[in-house]
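Scroll down for the structure; my scribbles are underneath it.
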Amino acid sequence: MDIRNIHLVYFSATFTTRKILREIARVMGGNVIEHDITCDRPSAKVMVDGEHDVLVAGAPVYAGRVPRQAAEALRAFSGNGGPAVIACVYGNRDYDDALAELQDIVDRQGFKTVAAGAFIARHCIFNDVAADRPDTDDMRKIDNFATECARLLASTPDVSALPEPTVKGNRPYKESKALPLFPSADAELCDGCQTCARQCPAGAIPEESPCQTDGDKCISCGRCTVICPRHARAFRGMPYEQIVDKFVKANAVRREPETFFPAPVNGPTA
């Protein structure tokens with residue numbers, strides 16, 4: 001298969017999933033058509049069914065699952081048996097069932113998953129976990145993964161003949177139970193610019209009162225903490241302080257990327 005168009009689709013609240021997915025697309029080569037589904041959901045169906053088109057889709061891992069908003073947005077993309085490369089990005093704890101769930105989502109939309117990867121980035125709540133990742137070694141492994149994806153597709157005239165990779169994960173998926181930790185704003189620093197409210201993927205911050213956070217809507221993605229121009233928003237407070245040290249210690253051991261290819265292909269596994 002000759003790759004000409006890459007439909008790059010990602011949910012990336014803190015921009016690390018975007019960084020990793022863009023690198024995969026860059027190394028694979030081709031004309032990149034980018035779809036950022038973090039805040040903007042497609043208003044109509046997007047068909048990715050050209051003879052030379054590939055879907056490259058990615059999402060972060062929240063409580064071991066694909067974020068609900070990402071799953072819903074991905075259902076706007078439809079294929080016709082064309083290839084998909086998928087990736088999940090997690091904060092060095094575990095990706096649990098997220099990669100399996102992501103594979104099922106794109107397969108149900110008419111794509112054929114040909115490769116999958118789980119990569120590590122800074123934790124979106126506990127920023128001291130995997131603080132400097134993806135680092136140089138991570139990026140090298142990401143490049144190796146993308147190179148193998150491109151080689152696999154270039155050597156495969158009929159994608160439908162490829163067996164799907166067997167990824168790590170359980171079906172049915174684990175129940176998603178997010179930590180009840182939500183970012184709050186320092187009223188002395190907040191200047192009411194509403195940047196956080198406009199860019200919140202869950203609509204959890206009211207524009208008329210940007211210092212507030214609706215805990216029923218918040219998905220603890222950390223978007224507001226990284227985009228606030230005044231650095232007014234952060235995870236803080238007693239519930240956070242009670243768990244942060246324990247969580248950081250429990251997840252201090254470095255995890256490595258894992259990649260999955262069809263069985264006959266001896267692609268990189270780390």
Side-chain angles (χ1 to χ4, degrees), residues 1 3-26 28-62 65-90 97-117 119 121 124 146 149 153 159 173 176 194-205 207 214 217-224 226-227:
M1 175 185 178
I3 300 174
R4 295 183 187 174
N5 296 309
I6 294 177
H7 284 262
L8 182 62
V9 184
Y10 58 81
F11 183 101
S12 185
T14 58
F15 307 107
T16 49
T17 299
R18 182 181 73 176
K19 178 180 181 178
I20 290 170
L21 268 289
R22 281 180 171 177
E23 180 67 6
I24 292 171
R26 183 191 70 80
M28 287 182 65
N31 174 49
V32 177
I33 304 164
E34 194 161 318
H35 308 268
D36 182 349
I37 59 172
T38 314
C39 295
D40 297 322
R41 315 293 192 265
S43 58
K45 284 287 185 181
V46 180
M47 296 300 300
V48 185
D49 59 357
E51 183 180 354
H52 305 283
D53 289 6
V54 179
L55 177 76
V56 176
V61 179
Y62 295 166
R65 297 283 302 277
V66 173
R68 176 179 56 81
Q69 291 81 356
E72 292 173 354
L74 281 165
R75 295 187 184 104
F77 296 84
S78 296
N80 189 24
V85 173
I86 62 172
C88 70
V89 179
Y90 69 104
D97 303 332
L99 195 59
E101 183 180 12
L102 185 57
Q103 180 182 30
D104 291 345
I105 291 169
V106 300
D107 286 359
R108 282 195 296 267
Q109 294 307 116
F111 296 96
K112 176 68 175 286
T113 300
V114 298
F119 303 100
C124 65
C149 290
L153 290 172
V159 171
Y173 320 124
S176 182
Q194 301 179 338
T195 299
C196 58
R198 291 193 296 268
Q199 295 194 38
C200 175
I205 304 172
E207 289 194 20
D214 185 338
K217 294 181 178 179
C218 180
I219 58 174
S220 306
C221 68
R223 177 81 160 196
C224 61
V226 300
I227 63 170

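Listed by chain and residue number, E34 satisfy the side chain to side chain donor-acceptor pair (under 3.5 Å) test with Y10 (two or more places apart in sequence, or in another chain). Partners of D107 under the side chain to side chain donor-acceptor pair (under 3.5 Å) rule, at least two apart in sequence or in another chain, are T113. Judged as a salt bridge (charged side-chain N to carboxylate O under 4.0 Å, His left out), and not counting sequence neighbours, the contacts of R4 are D2. R26 is linked by a salt bridge (charged side-chain N to carboxylate O under 4.0 Å, His left out) to E23, counting only residues two or more places apart in sequence or in another chain.
Residue pairs that meet the salt bridge (Lys or Arg N to Asp or Glu O under 4.0 Å) test with at least one member in residues 7-20, sequence neighbours left out, do not exist here. Residue pairs meeting the salt bridge (Lys or Arg N to Asp or Glu O under 4.0 Å) criterion with at least one partner in residues 67-83, sequence neighbours excluded, are R68-E72.
Ring orientation note: the planes of H35 and H7 are close to parallel, at an angle under 30° on the 30°/60° scale.
Heavy atoms only, all atoms of each residue included: L99 and A116 are closest at CD2-CB, 4.0 Å.
You'll find the side chain of I205 reaches within 4.5 Å of the side chain of C224, heavy atoms only. The shortest distance between side-chain heavy atoms of S220 and Y62 does not fall below 4.5 Å. Taking the side chain as every heavy atom from C-beta outward, I227 and F15 approach each other to under 4.5 Å. Residues P42 and F77 have side chains in contact (heavy-atom distance under 4.5 Å, counting atoms from C-beta outward). When side chains are defined from C-beta on, Q109 counts as touching S78, because their heavy atoms get closer than 4.5 Å. With a 4.5 Å cut-off on side-chain heavy atoms, P67 and P60 count as touching.
Put simply, the residue from L21, V114, L74, V106 that forms a side chain to side chain contact (heavy atoms under 4.5 Å, CB included) with I86 is V106.
Annotation: the span from R223 atom CZ to C39 atom SG amounts to 4.5 Å, rounded to 0.5 Å.
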